[in-house]
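Data block below; observations after.
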Amino acid sequence: MAHRIVLIAGDGIGPEVAAATRLVLDAADVGIEWIEMPAGAAALETDGALLPPHTLDAIRDCRVAIKGPITTPVGGGFRSVNVALRQDLDLFAAIRPARSLPGVPTRHVGVDLVIVRENTEDLYQGIEFERGTDAAAALRRRLREIGGFELKEDAGVTLKPISVTGAHRIVRFAFEYARSHRRHHITVGHKANVMRFSDGIFLEAAQQDAPDFPDIAMDAIQIDHLSARLARSPERFDVLLLPNLYGDIISDLCAGLVGGLGLIPGANIGWEYAVFEAVHGSAPDIAGQQKANPVAMILSGAMMLRHLGELDAAENVEWGVDETLRKGQVRTPDLGGTATTMAFAEAIAAEAVAWEHGPS
Ligand code: NAD
């Protein structure tokens, strides 16, 4: 086999969309050996941990993984598996392309943008002080001492660190990504006028590094203004470069702009490892009913093929998705159809294979 890939099926609709993705990627026939590993609620039952160490070891060994969505138990002090993967493997860049797909009617046409989101810092670094704890009380005292800041006694606190090194590496990654994917314009979203010492660093890093990439234009917009402009004319944007939290929110916004969460692929990339996953969650409301749209995870698989250097296979899979959507005969309920998750995947695989053998 040419590629050893870790497959994490995940929770909720995860196993359904993961099986669909495996079917399509197997049809693309690039020689993938699947190493199935547990994570999420299922792993908590069998292995006593949401992210068992042997799953992490397998990803370190294979270097590339694709995963279905994972349910994060609310409360109970669990660290989100997604956040843990990003931090433990230092997957500092999240890539989320959002493009208008054929046969999916939306308010805007011609959207073709990519979100590059910093993935390890910001409010998602996980530095939190629970209301009423000794740690929160100590923080409150210390903040009063060092800056005269007054926190309410019943406040919980989440910190927002953004470092110079973290900002520069995502900025440079975004410019390199734009260059290698023939994109020409980066828009940085920030709120540096309010968060001067965190977003300010992010903005400054972009302004400092931009001159090293004279072939890529760069501008910066405050995140609230950017949201309004995206809602009005998303087709005008090319690459969006965002700190962690804004990147998370704007990814879902852009998913909505091009037809829904079931359609947006994603990749989490670091210098050593890459984990591909759809943007959507585990959708417990439709789990186990074969209603889930597998396109997001299948397109994440196409991104993975490109990352592996299997460019033709990646294009075949994307063609298979586009052609199935264009014909419109087989589609899941979120797109107004009645097909099952697996039937949708079989149609995509058939189109991808037909294209591979040349258009008829
Ligand atoms: P969600 O994305 O699971 O669902 C939001 C809505 O979109 C639901 O109505 C759902 O039915 C629909 N939807 C999502 N994916 C779909 C698909 N492929 N096909 C058709 N419809 C789809 O968001 P949520 O309900 O906020 O989160 C549910 C769980 O997923 C939570 O535990 C959350 O922590 C987790 N989550 C995981 C990831 C991940 O693993 N990457 C990402 C986001 C949320």
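Each ligand, and each atom within it, is numbered from 1 in the order the structure gives. Computed over heavy atoms, backbone and side chain alike; hydrogens, waters and symmetry mates excluded.
- Near V279, meaning under 4.0 Å from one of its heavy atoms, ligand 1 places the atoms 42 (C).
- Contact atoms of ligand 1 toward P69: 39 (C), 40 (O) (distance under 4.0 Å to a heavy atom of the residue).
- For ligand 1 and A292, the ligand atoms under 4.0 Å from any heavy atom of the residue are 19 (N).
- Considering backbone and side-chain N/O atoms, S282 comes within less than 3.5 Å of an N/O atom of ligand 1.
- Looking at D285 against ligand 1, only its side chain comes within 4.0 Å, counting heavy atoms.
- Every atom of ligand 1 is numbered from 1 in the order shown, and the set under 4.0 Å from a heavy atom of I286 is 11 (O), 20 (C), 21 (N).
- Close approach of ligand 1 to K67 is summarised as follows: ligand atoms under 4.0 Å from at least one heavy atom of the residue are 40 (O), 41 (N).
- Short contacts between ligand 1 and T72, defined as distances under 4.0 Å to a heavy atom of the residue, involve ligand atoms 32 (O), 34 (O).
- For the pair G281 and ligand 1, the shortest N or O to N or O distance falls below 3.5 Å.
- Counting non-hydrogen atoms of neighbouring residues, nucleotides and ligands closer than 6.0 angstrom, the CG atom of D212 exceeds 12 such neighbours.
- R326 forms a cation-pi arrangement with W319, by the criterion of a distance under 6.0 Å to the ring centre and an angle within 45° of the ring axis.
- Near G262, the atoms of ligand 1 lying under 4.0 angstrom from a non-hydrogen atom of the residue are 17 (C), 18 (N).
- Contact annotation: for T71 versus ligand 1, heavy atoms closer than 4.0 Å belong to both the backbone and the side chain.
- Within a 4.0 Å radius of atom 15 (N) of ligand 1, the protein has at least one heavy atom.
- Geometrically, ligand 1 and E277 share a nitrogen or oxygen pair separated by less than 3.5 Å.
- For ligand 1, the atoms closer than 4.0 angstrom to any heavy atom of P284 are 28 (C).
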